[in-house]
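Below is one structure, written out as structure tokens; the observations come after it.
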Amino acid sequence: MNTTINKRPTVKAGQKNHKQQRPSKGKKSTIDINQLTQKATVQPVSTPYEAKRSFGQMPLNPRLLQAIAKKGFSKPTEIQDKTLEHLLAGRDLMGVAQTGTGKTGAFLIPLINRLLSGKENFRVLVLAPTRELAVQIDEEFKSLTAGFKLYSQCFIGGTNINRDLQKLGRKSHFVIGTPGRLLDLYQRRALKFIDFGILILDEFDRMLDMGFNKDVHRITAAMQNRRQTLLFSATVDLKQQEFIDKLLKNPVEIKVSNGEATGKHIEQEIIRVTEGENKFRMLTELIQQPGFNKVLVFAETKRWVSKVNKKLIQSGIASDEIHGNKSQNYRQTALKKFSSGRVQVLVATDVAARGLDVPDVTHVINYQLPATMDSYIHRIGRTGRAGKNGKAYTFIN
Ligand code: AMP
């Protein structure tokens, strides 16, 4: 990651404040500004991994190769390159990789290839910690399998369960979802975990963090025919090791660098808000500068997200919001509007925005300082994806 921190304010401070900004009611930030500066500046510039082979040189079905080429992928990312043969051979895997490293392709490509070969017949269950991530995986599956007669279904909370029950009558090779909804369908005896031979736990560490612990245990316990398990995690937590050991049989362990699918170039700046300055006006002025085409603004609480979004709209900026209090339909629509450029700004909380892959985000703005350094890195990682340049601003009171 190519990072430079400029501690000087970069925008002209707005006029005098009429009303003092109240501090966030969210979790108090544990970030020490000096640490943030240091950590961000000392990070080495990572050299993107360069695979020695192209997809065309990998042992893959020509139809799948065509679908991969159609997506614009020419070479595998590190995790894809290092895991392919193991996954084709049916091995269990512990992959230490974050979202953005191409891990969805890493598990989809070999498994789709195996289904296409016609030699095996299996169903795959994919668990993801957020609804958006589940939808993203489902979309990636569909884009890789168009015309193959391979099908996926996605089941997530916040949607009509009756429609899910209807969908379950149809054939599917991949079932992707969030644990709560999948268990709901299981309890209604509509979904049988025993039918699945392969289990993928995406963002495993986060999933256990987000309170899905019991749900994940219940699902895995009900998968008596599980013969292959793939686990992806950004970190390996010693507390989770026991569970990991129980889940995996003789696994291959592949660890990849934290980098994105391609090189990442994020320029970071801190904007100091001194007393008497109108922070909101500074935000509006910043967003109205040229080049701020697709801007993701983070705030700490759902209330603050709504408040900032409302104010941006009042200032004539096309903006929408995404957070846990919004219905799933609303969240997906807001995300689509932002992805397609129908709104310039998306204001979000951490929970809603984690793991999202929105192309061409030009700027990330931390309207409020995130609670942890990890969260900071995650947030700014929404820009500068796929080799593009990105810029991140963080407001500091
Ligand atoms: P993921 O880590 O699966 O969320 O992927 C991050 C982004 O990288 C997504 O936009 C993918 O479509 C993209 N991607 C995945 N594999 C490749 C590849 N081999 N070459 C270029 N981009 C890729």
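Worth knowing before you read on, the calculation uses all heavy atoms, side chains too, and leaves out hydrogens, waters and symmetry mates. Both ligands and their constituent atoms are indexed starting at 1 by order of listing.
Of all the atoms in ligand 1, the ones that sit under 4.0 Å from a non-hydrogen atom of Gln80 are 15 (C), 16 (N), 17 (C), 18 (C), 19 (N). Against a heavy-atom cut-off of under 4.0 Å, Thr104 is close to the following atoms of ligand 1: 1 (P), 3 (O), 4 (O). Set against the non-hydrogen atoms of Lys75, the atoms of ligand 1 under 4.0 Å away are 18 (C), 19 (N), 20 (N). With ligand atoms numbered from 1 in the order given, ligand 1 contributes 1 (P), 2 (O), 3 (O) to contacts under 4.0 Å with heavy atoms of Lys103. Near Thr77, meaning under 4.0 Å from any of its heavy atoms, are these atoms of ligand 1: 16 (N), 17 (C), 18 (C), 19 (N). Remark: ligand 1 atoms within the under-4.0 Å shell around heavy atoms of Phe55 are 19 (N). Each of the atoms 2 (O) of ligand 1 lies under 4.0 Å from some heavy atom of Thr101.
Defined by atom type and a distance below 3.5 Å, a donor-acceptor pair is missing between the side-chain atoms of Lys391 and Thr383. Counting only N and O atoms by type, the side chains of Arg379 and Thr394 include no donor and acceptor under 3.5 Å apart.
Aromatic rings from Phe243 and His217 are positioned such that their centres are separated by under 6.0 Å.
Using a cutoff of 4.0 Å between basic side-chain nitrogens and carboxylate oxygens, Arg123 and Asp195 are scored as salt-bridged. Asp215 and Arg218 are not joined by a salt bridge, as no carboxylate oxygen comes within less than 4.0 angstrom of a charged side-chain nitrogen.
For Gly102, a nitrogen or oxygen atom sits less than 3.5 Å from a nitrogen or oxygen atom of ligand 1, counting backbone and side chain alike.
Residues Leu64 and Phe55 have side chains not in contact (no heavy-atom distance under 4.5 Å, counting atoms from C-beta outward).
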